[in-house]
Participant: 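Please see the structure below; I have some questions.
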Amino acid sequence: MKDVLHELLQHALETLHRRGEIAGTPPAAYVIERTRSRKHGDFACNAAMLLAKPLGRRPREVAETLAAALPENPQVERVEIAGPGFINFFLADAAFHAELRRVFAEGAHYGHNRSGGGQTVGVEFVSANPTGPLHVGHGRAAAIGDSLCRLLTATGWKAVREFYCNDAGAQVHNFALSVQARIRGIGPDDPRWPADGYRGEYVRDIARAYLAGETVHAGRDAFTSPRDPDDLEAIRHFAVLWQRREQEEDLHAFGVDFDVYFLESALRNEGKVEQTVDRIVAEGHAYESEGALWLKSTDFGDDKDRVMRKSDGSYTYFVPDVAYHLSKWERGYRRAITELGADHHGSLARVRAGLQALDAGIPEGWPEYVLHQMVTVMKGGSEVKISKRAGSYVTLRDLIDEAGRDATRYFLVARKGDSQLVFDIDLARAQTNDNPVYYIQYAHARVCSVERQMHERGFVFERGPALKHLDRLDSPHARALLVEISRFPEGVEAAAGNLEPHLLAQYLRELAYAFHTWYNAEQFLVDDEAQRNARVALAFAARQVLANGLELLGVSAPETM
RNA sequence: GCGCCCGUAGCUCAACCGGAUAGAGCAUCGGCCUUCUAAGCCGACGGUUGCUGGUUCGAGUCCAGUCGGGCGCGCCA
């Protein structure tokens, strides 16, 4: 919709330029945006105010000149100059009717675009250690990351969901020791319990399964327990696979399925970590000091140099991260997005510095990062402390079981990532209208109900004829809904472009509001056939957009509530 | 001490990379179901956008400072 206005303005600017009326001014970075108030029309443009300064003319005067140069267009009813120099566009109803026809023509693809040009983007998210169940924070990562992938796919990208599994570090060793202790019947209160062991009850479940000789499957891997309490390597293998399976099941129940599970152990086994370090050394961005090997990360914007290889010969954690990101580059992700908890933002500069030090032609801003702040969990009016090692924390599984997948997903994705989130379990579990997701889903279900009623009463909806009578949608409430529907493509573009899925969640609430208001104001199934068909068409279009939007959030669109 | 994020209605949060009169939900109060689902709608109440300066036609948004909260600053991951 906006495109038409951009063309008109571009045309006007060129005309004025030719006439020399705005000579010498650079192409202004003007914007065309939705107005807040109907009084200001449907769209407003700030071009005149930006041009006024370099021209040394009054903004409103420039606006007049600009408006006068705008070509006629059937989509635009009239143009007004207002306020400090806004050019306000009042669109003809026909413009919104055309948009409604697009909804029907494009169906499940309405709102999508091809701006990604079919390019691949690797999106890494969750990437939890395989040492315990997923918690709320991982849930937020999953909800944000998956919605991002859906949004990127909808805007023409080929999004690949990737999970990086740290199955080779010290934490995993710790974890294996904890399981081994449990196998031997040693509990966390026992003096023989390993330092920094994982105290959670789930560790005991794993020990039990190991002793029973069970076989665990995760992804394409499988492993059968040899039941030997002394075989730490077997225990590690078994326990990691067990956790991977648990995490995959939880994520699947959450509606999140990854395309690639990338194992840190594979990276190490293939010697990629050493190769990465060697390459950095060869490029001259490393030095030895105090018995350790350092990366000169200060050459690349980090605030201090970082140890890569400790004096004991092992690597610091970020080196595999660099190797992993290099593998992303080598696997062809010319665009990559890494979604992380903000508590890891310190590693960001390090990884980017490491990548630059490789001199592999990786652009400075690669990969892009999307961070989310902490989630605080409230239960019974007080905060639940999250401590993996102590084993007391709220799992993603708990949330799904208590609040349902839809509410949990919506709740976790509906807020901007860079503010902290309070997840009130009692609220989410209450299943009342405190949960905005029901409000949106209800709008969808209501249209489905109308359709059922329509059939029961023997009315038939024919799209073709119905779309010829859209001028019967003449009430303010109907128009407001038409406007909301037409905003959807812009909402998708904004959410995908800014990597902020919460914008879409916000939009859907507004769309649902416009629908409910209209629903309460007008009867759809009236005897007047043209009137009825026009309204049913609008209702169906609203349902389509609600469904498309919910799909992008990974939330279901139920036919009944 | 240094770096990053946040501070908006009583509570939880929006505000489209500077726009016009800062918006929703919850809570509180008052209305609307013999008509397509009341998980809904309509109305009222509620604000010096933490504070102080600055930049400009215009600032919740940008800059400086300040206060408060969170996170990070390891040869931990």
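All values reported here derive from a predicted model rather than from experimental measurement.
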Participant: Should A:His502 be listed as having a side-chain N or O under 4.0 Å from OP1 or OP2 of B:A15?
Facilitator: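 True: A:His502 side-chain N/O within range (under 4.0 Å) of B:A15 OP1/OP2.
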Participant: Using a 4.0 Å heavy-atom cut-off across all strands, classify A:Gln506 as base, sugar-phosphate, or nothing.
Facilitator: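 Since only primed, P, OP1 and OP2 atoms lie under 4.0 Å of A:Gln506, the category is sugar-phosphate.
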Participant: Does the ring of A:His40 lie flat against the base of B:A20, closer than 5.5 Å centre to centre with planes under 30°?
Facilitator: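 Stack criterion met.
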Participant: Can you check whether A:Tyr439 has a side-chain N or O nearer than 4.0 Å to OP1 or OP2 of B:C41?
Facilitator: yes
Participant: Using the P atoms only, state how far B:C29 lies from B:C73, rounded to an integer number of Å.
Facilitator: 48 Å
Participant: With respect to the side chain of A:Leu503, which nucleotide from B:C36, B:C57, B:A15 is positioned closest?
Facilitator: B:A15
Participant: Within the structure shown, what part of the strands sits under 4.0 Å from A:Ala539 by heavy-atom distance: base, sugar-phosphate, or nothing?
Facilitator: nothing
Participant: Please evaluate the base of B:A77 for a donor-acceptor partner in the side chain of A:Tyr317 within a cut-off of under 3.5 Å?
Facilitator: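 Yes.
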Participant: Rounded to whole angstrom, note down the C1' distance from B:C42 over to B:G47.
Facilitator: 24 Å
Participant: Compare side-chain N and O positions of A:Ser419 against OP1 and OP2 of B:A14 and report whether any pair is under 4.0 Å apart.
Facilitator: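 For B:A14, OP1 or OP2 has a side-chain N or O of A:Ser419 closer than 4.0 Å.
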Participant: Within the 4.0 Å heavy-atom criterion, would you say A:Pro59 contacts the bases, only the backbone, or no part of the nucleic acid?
Facilitator: nothing
Participant: Expressed as a whole number of Å, how far does the C1' atom of B:C32 sit from that of B:U49?
Facilitator: 35 Å
Participant: Using a cut-off of less than 4.0 Å, is there contact between a side-chain N or O of A:Lys416 and OP1 or OP2 of B:C6?
Facilitator: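 No, because none of the side-chain N or O atoms of A:Lys416 sits under 4.0 Å from OP1 or OP2 of B:C6.
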Participant: At 4.0 Å (heavy atoms only), tell me whether A:Ser311 reaches a base, stays on the sugar-phosphate, or touches nothing.
Facilitator: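 Here A:Ser311 touches the bases of the nucleic acid.
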Participant: Pick the C1' atom in B:A20 and in B:C5, then give their distance to the nearest Å.
Facilitator: 30 Å
Participant: Examine B:C16: is either OP1 or OP2 under 4.0 Å from a nitrogen or oxygen in the side chain of A:Lys2? Give yes or no.
Facilitator: no
Participant: Looking at every strand, decide which applies to A:His345 at a 4.0 Å heavy-atom threshold: base, sugar-phosphate, or nothing.
Facilitator: base
Participant: Centre of A:Tyr439's six-membered ring, under 6.0 Å away, within 45 degrees of the axis: is that where NZ or CZ of A:Arg509 sits?
Facilitator: yes
Participant: For the C1' atoms, the ones on B:A59 and on B:G1, what distance do you get once it is rounded to whole angstrom?
Facilitator: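 Rounded to whole Å, the distance is 32 Å.
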Participant: For A:Tyr513, which contact category applies under a 4.0 Å heavy-atom criterion: base, sugar-phosphate, or nothing?
Facilitator: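 Result for A:Tyr513 = sugar-phosphate.
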Participant: Do the charged groups of A:Glu484 and A:Arg487 touch, with an N to O distance under 4.0 Å?
Facilitator: yes
Participant: Is the aromatic ring of A:Phe86 within stacking range of B:G19, meaning centres under 5.5 angstrom and planes under 30 degrees?
Facilitator: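 Base of B:G19: not stacked against A:Phe86.
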Participant: For B:G3, does either OP1 or OP2 sit under 4.0 Å from a side-chain N or O belonging to A:Lys304?
Facilitator: no
Participant: Taking only the side-chain heavy atoms of A:Leu525 (C-beta and beyond), determine which of B:G19, B:C75, B:C36 contains the nearest atom.
Facilitator: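 Among B:G19, B:C75, B:C36, the one nearest the side chain of A:Leu525 is B:C36.
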Participant: Determine whether any donor atom in the side chain of A:Asp321 lies under 3.5 Å from an acceptor atom in the base of B:A77, or the reverse, and answer yes or no.
Facilitator: no
Participant: On a whole-Å scale, what distance lies between the P atoms belonging to B:C11 and B:A44?
Facilitator: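 Going atom to atom, P in each nucleotide, I get 23 Å.
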Participant: Is any N or O donor-acceptor pair between the side chain of A:His344 and the base of B:G72 shorter than 3.5 Å?
Facilitator: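 No, the side chain and the base share no sub-3.5 Å donor-acceptor pair.
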Participant: Quick check: does any side chain N or O of A:Asp42 sit under 3.5 Å from a backbone N or O of A:Leu91, one acting as donor and the other as acceptor?
Facilitator: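 Looks like yes, one N/O pair under 3.5 Å.
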Participant: Mind checking if A:Ala445 touches a base, just sugar-phosphate, or nothing, with heavy atoms under 4.0 Å?
Facilitator: base
Participant: Does the gap between the ring centers of A:Tyr369 and A:His345 come in under 6.0 Å?
Facilitator: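 No; A:His345 has its ring centre 6.0 Å or more from that of A:Tyr369.
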Participant: For A:Ala342, which contact category applies under a 4.0 Å heavy-atom criterion: base, sugar-phosphate, or nothing?
Facilitator: sugar-phosphate
Participant: Any base atoms under 4.0 Å from A:Asn46, or only sugar-phosphate, or nothing? Heavy atoms, all strands.
Facilitator: base
Participant: Pick the C1' atom in B:C45 and in B:G23, then give their distance to the nearest Å.
Facilitator: 16 Å
Participant: Which base sits across from B:C62 as a Watson-Crick or G-U pair, both distances under 3.5 Å?
Facilitator: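 Base partner found: B:G54.
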Participant: Taking B:G50 as the reference, what is the distance to B:C67 when you measure between their C1' atoms (whole Å, please)?
Facilitator: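 Roughly 7 Å separates the two C1' atoms.
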Participant: If you only use heavy atoms from C-beta on, which nucleotide in B:G19, B:G74, B:G70 is closest to the side chain of A:Glu33?
Facilitator: B:G19
Participant: Taking distance alone, no hydrogens or angles, what donor-acceptor pairs closer than 3.5 Å link side-chain atoms of residues 524-540 of chain A to residues at least two apart or in another chain?
Facilitator:
from: A:Asp528; atom 1: OD1; to: A:Ala530; atom 2: N; distance (Å): 3.1
from: A:Asp528; atom 1: OD1; to: A:Gln531; atom 2: N; distance (Å): 3.2
from: A:Asp528; atom 1: OD2; to: A:Arg472; atom 2: NH2; distance (Å): 2.6
from: A:Gln531; atom 1: OE1; to: A:Arg535; atom 2: NE; distance (Å): 3.3
from: A:Arg532; atom 1: NH1; to: A:Val526; atom 2: O; distance (Å): 3.0
from: A:Arg532; atom 1: NH1; to: A:Asp527; atom 2: O; distance (Å): 3.3
from: A:Asn533; atom 1: ND2; to: A:Glu529; atom 2: O; distance (Å): 3.4
from: A:Arg535; atom 1: NE; to: A:Glu522; atom 2: OE1; distance (Å): 3.2
from: A:Arg535; atom 1: NH1; to: A:Gln523; atom 2: O; distance (Å): 2.9

Participant: Base, sugar-phosphate, or nothing: which does A:Met561 touch, judged by heavy atoms less than 4.0 Å apart?
Facilitator: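 A:Met561: base contact, heavy atoms under 4.0 Å.
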Participant: B:C36 base to A:Ser449 side chain: any donor-acceptor pair below 3.5 Å?
Facilitator: no
Participant: What's A:Ala52 touching, base or sugar-phosphate or nothing? Going by heavy atoms closer than 4.0 Å.
Facilitator: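 No contact at all - A:Ala52 keeps every heavy atom at 4.0 Å or more from the nucleic acid.
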Participant: Taking side chain as C-beta onward, heavy atoms only, is A:His325 less than 4.5 Å from A:Thr338?
Facilitator: yes
Participant: Sequence neighbours left out, what passes side chain to side chain donor-acceptor pair (under 3.5 Å) with A:Asp303? Give chain and number order.
Facilitator: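 In terms of side chain to side chain donor-acceptor pair (under 3.5 Å), with neighbours along the sequence ignored, A:Asp303 is linked to A:Arg306.
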Participant: Counting the atoms with a prime plus P, OP1 and OP2 as sugar-phosphate, which does A:Leu421 contact under 4.0 Å by heavy atoms, base, sugar-phosphate, or nothing?
Facilitator: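 It contacts sugar-phosphate atoms only.
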Participant: In the strands shown, is B:U34 matched to any nucleotide by a Watson-Crick or G-U wobble pair with both distances under 3.5 Å, and which?
Facilitator: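 Check on B:U34: unpaired, no WC or wobble geometry under 3.5 Å.
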Participant: Of the nucleotides B:A20, B:A77, B:C6, which one has an atom closest to the side chain of A:Ala44?
Facilitator: B:A20
Participant: Using a heavy-atom cut-off of 4.0 Å across all strands, would you classify A:Glu493 as base, sugar-phosphate, or nothing?
Facilitator: nothing
